[in-house]
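A short worksheet on the structure shown next.
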2 protein chains.
Amino acid sequence: MGSDTRQRMADAAFALFEEHGYDATTVDQIVERAGVSRSTFFRAFGSKEEVIFPRHDDLQAKITARLESGNAQTFRLAIAEAAGLVLAQYLDEGQVALTRYRLTRSVPALRDREIASTLGYQRLFREHARGWLAELGGPDVDLHAELLAASVVTAHNVVLRRWLRGETAAPWREFDDAMVAVFRGFDPAPTGGGSTVVVVGSDLPPDEVAARVRVALAGSDPTLAPADRLDGPTLGR
Amino acid sequence: MGSDTRQRMADAAFALFEEHGYDATTVDQIVERAGVSRSTFFRAFGSKEEVIFPRHDDLQAKITARLESGNAQTFRLAIAEAAGLVLAQYLDEGQVALTRYRLTRSVPALRDREIASTLGYQRLFREHARGWLAELGGPDVDLHAELLAASVVTAHNVVLRRWLRGETAAPWREFDDAMVAVFRGFDPAPTGGGSTVVVVGSDLPPDEVAARVRVALAGSDPTLAPADRLDGPTLGR
DNA sequence: GTTTGGGTGATACTGAGTGTCACACATCGA
DNA sequence: TCGATGTGTGACACTCAGTATCACCCAAAC
């Protein structure tokens, strides 16, 4: 399996895109620089666009796993942490993510594709939210699930774009605040305030615990079930 | 100017897409059936994809006009009615909109493009919302403007898709309800409830007046300025 | 040693999109 | 009436993305 070959092609493509632009770069130029044939390129990537975008499969699997570890009582934190997995992916990519951002901003075809790709994540959030909201028994479950998913993805993207543009040095803090803002406006079963019980046993840093509690408290039903809370999958950040 | 020629090409394209599918239809087949040359086709549409999508320019202008007729006190109704212009456009298209929906559902490239096109509208909402929210003086103006725009577009799309799938016979009622749901969860300046004064002078049908008042009341600051309210542009539905 | 299968290369082909030149025709002013 | 100008169209050649097919190499398995 030429995972090495694949990387060589991707490197050559990114370099040429930076040098001459996306449209002005032909696949022939890419394969020539990478020292492979056109056949190899299209077998590996399928299209010229796909060189730019990362594999989504494993990330989607991780998101699904985190969402499925939540329940109707803890869905806010599940969604927030699942969205955090996406942000973590981009931050890990570092320079590659920045280059891709420059390209998607300047080439309409790539921009369209990038936008469409976020809908894959939105779909995961929507489907899980639908189940949780149905269980909680509010009205207009489909609409609210759709709104919740769209809001989470949008809030994530706002923070991500600020980081991509170099407008923030503390993306995680902004991300947590954004998630709080999302869930504050989104309240499936208003109760008009009430007592809150938080039971936390954890070896996470105090700031981390505080951040998670804030997300959980953003809704109106901030009951925390200890067993399901901080013992679940963590972001690993 | 061959607006007639343009229509002939579009008709031929839609017919062939229905008969053989989008990918299996070549531009040569389209121009042959329409009785024109390839040159004419690409001059009129630019690409094979563009035959399917309508002109957005005039609709965007109408949306902008409606948004600019609103102000910080009446922004909810301005946004809701502006979004209603989009829905009205689709309902007017009728069969064409349904055919396009079938195509965009089955062809990934068209689906991506459709998704990306909605972002144009979202941008209009976002920019105007940013101004209004800044005037109202809440925190995180950028984030909230983005969330509001995304929510409006999402809610609109939920109703639109239900109509496209034939799942509703009363899209306008569902649309009004969806807008109410959006603004209920979106409250730029919570006041904890208060007295409300509604002054309405209008010759609209009572149901119509009621619907608009409901949208306006969805927020927490439902002050209605009569002069700016029902004397502004109407949906014409 | 032969077979089997994954990764690769070479080649030819289809079809979208671009660029250029030529032609028809309608309008307008001298 | 004539020529100039502009607009819509056709014809043609070209580039390049993406597909299909066949051949080849090489390593592991039998």
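Note on naming: letters A, B, ... go to the chains in the order of the sequence lines (proteins, then strands), and numbering restarts at 1 for each one.
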Spacing between [X] atom [atom1] and [N] atom [atom2], to the nearest angstrom:
X      : N       : atom1 : atom2 : value
D4(B)  : dT9(D)  : CG    : C1'   : 14 Å
F42(B) : dA13(D) : CZ    : C1'   : 15 Å
F45(B) : dA16(C) : CZ    : C1'   : 16 Å
F41(A) : dG7(C)  : CZ    : P     : 18 Å
E32(A) : dA17(D) : CD    : P     : 14 Å
D28(A) : dT11(C) : CG    : P     : 13 Å
K48(A) : dG18(D) : NZ    : P     : 8 Å

field: Parallel, tilted or perpendicular: ring planes of F41(B) versus F45(B), cut at 30 and 60 degrees
entry: tilted
Ignoring hydrogens and geometry beyond distance, is the side chain of [X] in donor-acceptor contact with the base of [N] at under 3.5 Å?
X      : N       : answer
S39(A) : dA10(C) : yes
R6(A)  : dG7(C)  : no
R38(A) : dG18(D) : yes
R43(B) : dG17(C) : no

- prompt: Closer than 4.0 Å, any side-chain N/O of T5(B) to the OP1 or OP2 of dT9(D)?
  reply: yes
- prompt: Could you give all pairs that pass the side-chain hydrogen bond (donor to acceptor under 3.5 Å, both in side chains) test and reach residues 20-33 of chain A, with sequence neighbours left out?
  reply: E19(A)-R33(A), T26(A)-Q29(A)
- prompt: Above 12 or not: heavy atoms from other molecules or residues under 6.0 Å from CZ of R161(B)?
  reply: yes
- prompt: Within a reach of under 6.0 Å around CZ of R102(B), are more than 12 heavy atoms found that belong to other residues, nucleotides or ligands?
  reply: yes
- line: Ordered by number, residues from residues 12-25 of chain B within less than 4.0 Å of DNA chain D (heavy atoms) are none
- line: Quick note, T26(B) side chain, CB onward, closest among dG9(C), dG18(D), dG15(C) is dG15(C)
task: Measure from the side chain of T40(B), starting at C-beta and using heavy atoms only, and say which of dG10(D), dA16(C), dG9(C) lies closest.
output: dG10(D)
- prompt: Can a donor-acceptor pair be found between the side chains of S69(A) and R66(A) at a distance below 3.5 Å?
  reply: yes
query: Is there a donor-acceptor pair under 3.5 Å between the side chain of R8(A) and the backbone N or O of A34(A)?
result: yes
- prompt: Do H156(A) and Y121(A) have ring centroids that are under 6.0 Å from one another?
  reply: no
